[in-house]
Structures are given as structure tokens and as C-alpha cells.
Amino acid sequence: MIVVLARTADGVVATTIDDDGAVSDTEMVDEVAEYVEFREEERPRWAWDDTSRWYPDLLTAGVRVERCFDLRLCHVILRNSTLTATSQLALAEPGAWDAALRPMVFREPDGALFVLDGEPSAEPMGESDPVAELLLQRVAVAASAQPGRIGRLIAAESAGALIAAEMTFAGLPWRAEQHDEILQQLLGPRPSSGERPVKLHAVLARVRELLDAPDLNPDSPSELQKALGRAGLIVTSTRSWELRKLTHPSIAPLLEYKKLSRLLSANGWQWLDTWVVDGRFRPTYVPGGVVTGRWASDGGGALQLPKQVRGAVIADDGWKFVVADASQLEPRVLAGMAADRAMAEAGAGDLYAGIVSSGAVETRDQAKVAMLGAMYGATTGESGRLMPQLARQYPKAIGMVEAAARAGERGEVVTTTLGRSSPPPGPQWREAQSDAFGENATDATTSRARSAARSWGRFTRNFIVQGSAAEWALCWMASLRRRLTVLSGNAPLGDSPHLVFFLHDEVVVHCPAPLADEVAREIRAAAVDAGRLLFGPLPVTFPVTIAIVDNYGQAK
DNA sequence: ATGCATCGCGCG
DNA sequence: AAAGCGCGCGATGCAT
């Protein structure tokens with residue numbers, strides 16, 4: 001049973017839809033949270049335009065739902081997937097569901113959190129009847145050649161939307177005093193605004209002295225490049241990795257300055273004031289925010305928290321963090337999707353060690369760099385050199401990414417394990433290709449076209465791996481969420497083990513200390529579930545590295 | 001004042 | 001332009 005919620009001019013309408021797709025009931029709803037709580041006992045799948053427009057209010061009212069369809073996210077998938085390409089949904093002209101809908105705003109531009117009272121601040125959706133949309137989506141899935149794949153994908157995507165809202169609601173525990181302590185340790189006391197902290201100032205003074213550039217603004221790449229040039233250091237950029245190759249007394253303090261300056265501007269006191277409220281960091285997660293299906297985030301740089309400050313992420317008294325990382329996820333997913341048994345067997349333990357044992361390469365480091373090269377499309381350097389050796393040992397896996405690259409070079413679309421398809425290349429790309437074969441083709445146009453083709457091939461090569469890994473991670477989290485709910489007997493979110501952070505192949509669960517071991521077991525079991533959901537009985541394994549810690553900085 | 005491109009660097 | 005993929009965000013520098 002599905003219950004569709006819709007906002008209309010007259011108020012909220014709930015439409016109940018049977019398993020056969022027939023509308024069995026329509027009613028007006030006064031108190032949405034009460035209604036949802038009441039009907040949740042029937043365990044329906046809720047359907048709504050956008051989870052971020054409905055669920056935060058419910059969570060605030062203490063109401064959770066087990067499952068949903070996020071029609072906006074599902075629409076994007078079904079519109080683009082090769083598995084539903086002939087559906088009415090995919091063939092229709094773009095409409096309200098294709099508009100660049102913005103998730104509901106959770107905060108003011110100044111960073112104040114949760115605009116939750118009153119009507120959602122998001123703009124209305126336009127002509128977009130969610131009941132009609134849901135029915136179109138059902139037809140599209142049912143008529144697909146592989147309804148199981150695409151059906152699992154939209155369910156997983158929707159579960160992700162629920163989890164994203166729940167993680168924002170719960171927030172990541174963040175101890176401001178500890179963060180301040182870390183900053184003071186590295187930078188010195190907090191200066192009045194506009195001033196450089198003393199330690200940053202001191203190291204800058206060294207740089208200026210050693211480069212004989214008393215007024216140097218090190219934050220300006222062009223100024224810095226000139227100053228280095230005057231000291232006889234010729235560089236084509238001022239990136240740290242490039243500066244590291246130089247030998248000059250100014251380089252060490254300069255690199256030190258860059259490191260500290262980055263910390264200050266990205267995660268300094270200003271960041272702390274803006275993003276940490278009442279002991280919690282509440283970023284907005286954006287499911288489906290990346291073309292490959294990975295999540296993006298909005299506000300506070302949630303997916304780029306530097307290791308330096310993770311020590312400020314401290315569990316509540318009597319609670320622990322269970323930090324879990326899916327080891328070598330992408331190559332394992334590749335082995336699964338290519339049904340490459342040799343690579344799957346190499347992954348029985350440490351995958352890279354397994355690759356060495358197979359004789360493909362000599363060292364673990366080589367295995368790693370060769371594998372990365374295969375998934376990213378390296379052509380030169382050590383990585384490009386080692387990759388062919390992998391291809392001999394694992395023809396199915398490497399053949400799979402090579403085929404995806406060739407398809408991309410031809411301008412074709414590629415599709416992940418569960419059915420998310422890559423975007424087609426844009427008009428500029430196509431023009432570049434046709435220019436190369438036109439009457440006015442020159443060496444320049446031809447080489448530009450070839451370079452663009454290769455580049456798009458690297459994108460599609462990586463798309464199938466990164467995208468399928470993102471699907472595995474969604475299934476992992478969805479299964480874990482279900483298991484945690486069972487574990488805690490439906491206790492309120494904040495009183496029982498709950499997800500507080502997700503980073504592509506890593507999750508953090510905040511839980512009462514006595515439950516940590518049990519949570520760890522559920523995380524591992526959920527990884528097994530995810531492997532089965534994507535690859536059925538294939539013997540590909542997904543080991544998980546787990547740390548039970550008091551603060552996030554202690555993990556890894 | 002505000003927008004946009006670029007550089008640089010954090011994460012996976 | 002690091003050896004290749006995907007992001008968000010702050011500072012700078014130039015354009016409007």
C-alpha cells in the first residue's frame with residue numbers, strides 16, 4: 001500500500017493506493033504529523049514530491065516513517081535510465097518534475113538552522129500531481145526489462161532521502177570547546193576578527209623574511225608566484241604538491257602557512273560560530289546531488305571535514321561512535337558488476353594483497369595504483385604502465401571499465417548495476433566531434449575532439465564504478481537503518497542508536513555505549529545485505545573496518 | 001555592491 | 001598538467 005501526500009490549495013490531501021495501483025481512498029488531512037503517525041501503523045510506503053519538504057516537520061513532531069518514494073529523486077532516475085527509456089515518463093516533454101527543483105531550505109543564508117515553522121519556504125512545485133506521477137513511475141518500472149534492478153534503485157534512493165533528513169535532524173555531536181582547543185593549539189588564541197592568529201602570523205613573518213618580500217600576501221597565487229620567482233624559484237603553479245619539490249628555506253614555512261591558513265578559513269572559529277549550534281553540526285545532505293548518485297552536501301563542507309578537527313566530534317556522555325568504513329569498496333563493486341570471479345576471490349581478504357598473490361603485480365602499492373588507474377582511466381605514469389598487467393589477470397573486470405570508456409568516447413550512455421544512467425555529453429562535445437570529421441577539419445579540431453572524447457570516456461569509465469558503489473552504500477545504509485530500528489524497538493531517534501554521518505563509503509552511528517558491539521554486528525550484516533542486493537549469490541565480499549570510539553578523530 | 005571564473009585544497 | 005574520477009567552499013581578481 002502506498003499513501004501519497006500532496007499539498008493543494010485547500011490543504012494536504014492523502015491518497016491511498018492499493019498494491020494493484022487503484023486509488024482506494026482520498027481524504028483531507030488537517031494535522032499531517034498526527035495523520036502520518038496514525039497510518040504508519042499500517043506500514044505503508046509514503047509517497048511525496050520531496051522528502052526534504054515533508055520529513056523534517058514530521059521528525060520535529062517526533063514521527064518517523066519506515067519507507068517512502070521520493071518522487072522528485074525517483075523521477076530523475078527513471079527519466080534518464082536506459083532501463084526505462086521507452087516509458088511514457090521518459091518520453092514525455094520535460095515538465096514540473098524535471099525542473100531544477102531545489103530542496104527545501106533548512107537554514108537562512110547566515111547559517112541559522114531549520115526554517116520549520118509555518119509553510120515550507122520552498123517555491124511551489126507548479127503543475128505536478130504526485131498521484132499521477134507515482135502511477136507513471138509504477139508503469140515505467142513495471143514495463144522495464146529489469147524491474148527488479150530499477151525498483152531496488154528507486155527504493156534505495158528514497159531510503160537515502162529519509163536517512164539524509166534524519167541525520168540532519170539528529171546532528172553530528174560537536175564539542176565547540178574541543179574544537180577551540182584544537183584551533184588554539186595550532187593557531188594560537190582566537191584573534192579579533194580580521195587579524196591573523198599569532199602562530200599563523202609568525203610563520204608568515206618567516207616566509208616574508210626568507211623570500212625578502214615584506215608585503216607578500218601569500219593568499220594570492222599570482223603574488224606568491226612572483227615572489228618565488230624573484231627568489232629564483234620558477235613554478236607554474238603555487239600548489240603545495242608542486243612547492244614540495246623545491247629546495248629553499250622558505251618552502252617549509254610556506255607549506256606550514258598554507259596548511260594553517262586553510263584550517264583557519266575552512267574550519268576555523270568563524271566556521272564553528274556558523275555551523276555548530278547547541279553541540280550539533282547539522283549539514284544538509286543532498287541525496288542524488290552528484291551525477292553518479294553520490295550524495296552532495298550543502299553548508300559547512302560536511303563531506304570535507306579535515307581529519308585535523310575530527311577530534312571535536314565527541315560522543316555524548318555514556319555514548320559511543322561506531323565508525324565503519326567499507327574497505328576497498330570501488331574495486332570490489334567492479335568485481336561484482338563484472339562478475340569477475342578471479343577478482344572476487346582476490347578480495348576474500350585484503351584485495352590489493354590478493355592481487356599481488358595472483359601475480360599480476362609485485363607490491364601492494366602497485367596493486368593499488370594500478371587498480372585506481374583502471375577505474376579512473378590513467379594512461380601515463382606508473383599507473384598507466386601497470387594497468388595492462390591487471391587486464392591480463394582480470395579480463396572481465398578491466399574489460400568492463402574499458403568498455404564503459406569506449407562507450408563514452410562514442411558519446412553513448414552507460415548504466416550502473418541498479419540502473420542509473422550517465423548523462424549524455426552536451427552540445428559542445430558533439431560539435432567538437434562533428435568538427436573533427438567535417439570539411440574544415442584541421443589537426444587542431446581533430447586533436448581537440450579526440451581529447452574531449454577521451455575525457456568523456458574517463459568520466460563514463462568512472463561513472464559505472466562510482467555510481468554502483470554509491471548504490472551499494474545506499475543499500476548498506478538502508479539495511480542498517482532498518483536493523484537499528486529493530487534493535488531499538490522503535491524508540492525515538494535521539495534515544496537509540498542512529499546514523500549521524502555518512503561519507504561515500506563510511507558511516508558513523510551514535511549509540512549508547514553498551515550497544516556498540518551489537519551495532520557493529522548490524523553494520524557488518526548490513527554490508528552483507530547490500531552485496532546480495534546488488535550482486536545476488538556472487539562470491540564478492542564487502543569487509544568493513546570498524547572502530548568503536550569516543551571521538552571521531554580516534555577512528556583510523 | 002554583486003556576479004563569475006580561477007586557483008587551491010579538503011574529502012571520498 | 002600530479003595519474004586518472006567525483007564533489008564544496010573560501011579567497012582573489014576581474015567584470016559588471
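Numbers restart at 1 for each chain; the letters A, B, ... are given by sequence-line order, proteins then strands.
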Next on the checklist: Output the rounded distance in Å from CG (A:Leu260) to P (B:dG10).
Outcome noted: 11 Å
Item to check | A:Trp241 over C:dA2, stacked by centroid distance under 5.5 Å, angle under 30° | outcome: yes
Item to check | Residue A:Gln304, side-chain atoms from C-beta onward, closest of B:dC9, C:dC5, B:dG10 | outcome: B:dG10
Checklist entry - Heavy atoms under 4.0 Å, any strand shown: does A:Val465 hit a base, just sugar-phosphate, or nothing? => result nothing
Checklist entry - So what does A:Ala296 hit on the nucleic acid, given a heavy-atom distance under 4.0 Å: a base, only sugar-phosphate, or nothing? => result sugar-phosphate
Checklist entry - Using a cut-off of 4.0 Å on non-hydrogen atoms, how would the nucleic acid contact of A:Lys556 be classed: base, sugar-phosphate, or nothing? => result sugar-phosphate
Checklist entry - Which part of the nucleic acid, if any, lies within reach of A:Arg310 when heavy atoms closer than 4.0 Å are counted: base, sugar-phosphate only, or nothing? => result sugar-phosphate
Item to check | Beyond-backbone contact of A:Pro197 with A:Trp269, side-chain heavy atoms, under 4.5 angstrom | outcome: yes
Item to check | C:dC7 to C:dA1 separation - P atoms, rounded to the nearest Å | outcome: 16 Å
Checklist outcome for this item: A:Asn462 has its side chain closest, among C:dA11, B:dG8, C:dC5, to C:dC5
Next on the checklist: Side chain of A:Pro221, heavy atoms from C-beta onward: which of C:dA11, C:dC9, B:dG8 has the nearest atom to it?
Outcome noted: B:dG8
Checklist entry - Roughly how many Å is it from CG in A:Leu372 to C1' in C:dA2, rounded to a whole number? => result 13 Å
Checklist entry - If we ignore angles and hydrogens, is there a donor and acceptor under 3.5 Å between the side chains of A:Tyr257 and A:Arg196? => result yes
Next on the checklist: Distance check, rounded to the nearest 0.5 Å: A:His498 atom NE2 versus A:Ile163 atom CD1?
Outcome noted: 13.0 Å
Checklist entry - Does the side chain of A:Ser220 get closer than 4.0 angstrom to OP1 or OP2 of C:dG13 through an N or O atom? => result yes
Checklist entry - Can you tell me if A:Asp50 and A:Ser52 form a side-chain donor-acceptor pair at under 3.5 Å? => result yes
Next on the checklist: Under 4.0 Å, heavy atoms only, any strand: does A:Leu329 hit a base, just the sugar-phosphate, or nothing?
Outcome noted: nothing
Checklist entry - Given that both distances must come in under 3.5 Å, which nucleotide forms a Watson-Crick or G-U wobble pair with B:dC7? => result C:dG10
Item to check | Contact under 4.0 Å: A:Lys259 side-chain N or O vs B:dC9 OP1/OP2 | outcome: no
Checklist entry - The side chain of A:Gln466 lies closest to which of these nucleotides: C:dC5, C:dG4, B:dG8? => result C:dC5
Next on the checklist: Under 4.0 Å, counting only non-hydrogen atoms across every strand here, what does A:Ser240 touch: a base, just sugar-phosphate, or nothing?
Outcome noted: sugar-phosphate
Next on the checklist: Of the options C:dC5, C:dA1, B:dG12, whose atoms approach the side-chain atoms of A:Phe459 most closely?
Outcome noted: C:dC5
Next on the checklist: It should be established whether A:Arg458 places a side-chain nitrogen or oxygen under 4.0 Å from OP1 or OP2 of nucleotide C:dC5.
Outcome noted: yes
Next on the checklist: Taking only the P atom of each, what is the distance from B:dT6 to C:dA3 in whole angstrom?
Outcome noted: 23 Å
Checklist entry - B:dC7 and C:dA2: how far apart are their C1' atoms, nearest whole angstrom? => result 16 Å
Checklist outcome for this item: Regarding the side chain of A:Arg239, the nearest nucleotide among C:dA3, C:dA2, C:dG4 is C:dA2
Item to check | Check against side-chain hydrogen bond (donor to acceptor under 3.5 Å, both in side chains), A:Ser358 and A:Tyr394 | outcome: CA-CA 10 Å; A:Ser358 77; A:Tyr394 308 106; 2.9 Å; yes
Checklist entry - Aromatic rings A:Trp275 and A:Phe281: how do their planes relate, parallel, tilted or perpendicular, breaks at 30° and 60°? => result perpendicular
Item to check | Candidates C:dG13, C:dG8, B:dC7 - which lies nearest the side chain of A:Ser222 | outcome: C:dG13
Checklist entry - Could you give the NZ-to-P distance, from A:Lys226 to C:dT12, as a whole number of Å? => result 15 Å
Checklist entry - Do A:His179 and A:Trp271 come within less than 4.5 Å of each other through their side chains, counting heavy atoms only? => result yes
Item to check | Side-chain N or O of A:Lys307 closer than 4.0 Å to phosphate OP1/OP2 of B:dG12 | outcome: yes
Checklist entry - Is the distance from OP1 or OP2 of C:dA3 to the nearest side-chain N or O of A:Thr379 less than 4.0 Å? => result no
Checklist entry - Are side-chain heavy atoms of A:Trp476 and A:Asp505 found at a separation under 4.5 Å? => result no
Item to check | side-chain N/O A:Asn217 vs C:dT12 OP1/OP2, d < 4.0 Å | outcome: yes
Item to check | Atom-to-atom span, CG of A:Leu303 to P of C:dC9 - whole angstrom | outcome: 9 Å
Checklist entry - Has A:Lys258 got a side-chain N or O lying under 4.0 Å from the OP1 or OP2 atom of B:dC9? => result yes
Checklist entry - Are OP1 or OP2 of C:dC7 and a side-chain N or O of A:Arg294 less than 4.0 angstrom apart? => result no
Next on the checklist: Using a heavy-atom cut-off of 4.0 Å across all strands, would you classify A:Gly301 as base, sugar-phosphate, or nothing?
Outcome noted: sugar-phosphate
Checklist entry - CG of A:Leu186 versus P of B:dG10: gap in Å, rounded? => result 13 Å
Checklist entry - Which one, C:dA3, B:dG8, B:dG12, comes nearest to the side chain of A:Asp505? => result B:dG12
Checklist entry - Which of the following nucleotides, B:dG8, C:dG8, B:dG12, is nearest to the side chain of A:Thr238? => result B:dG8
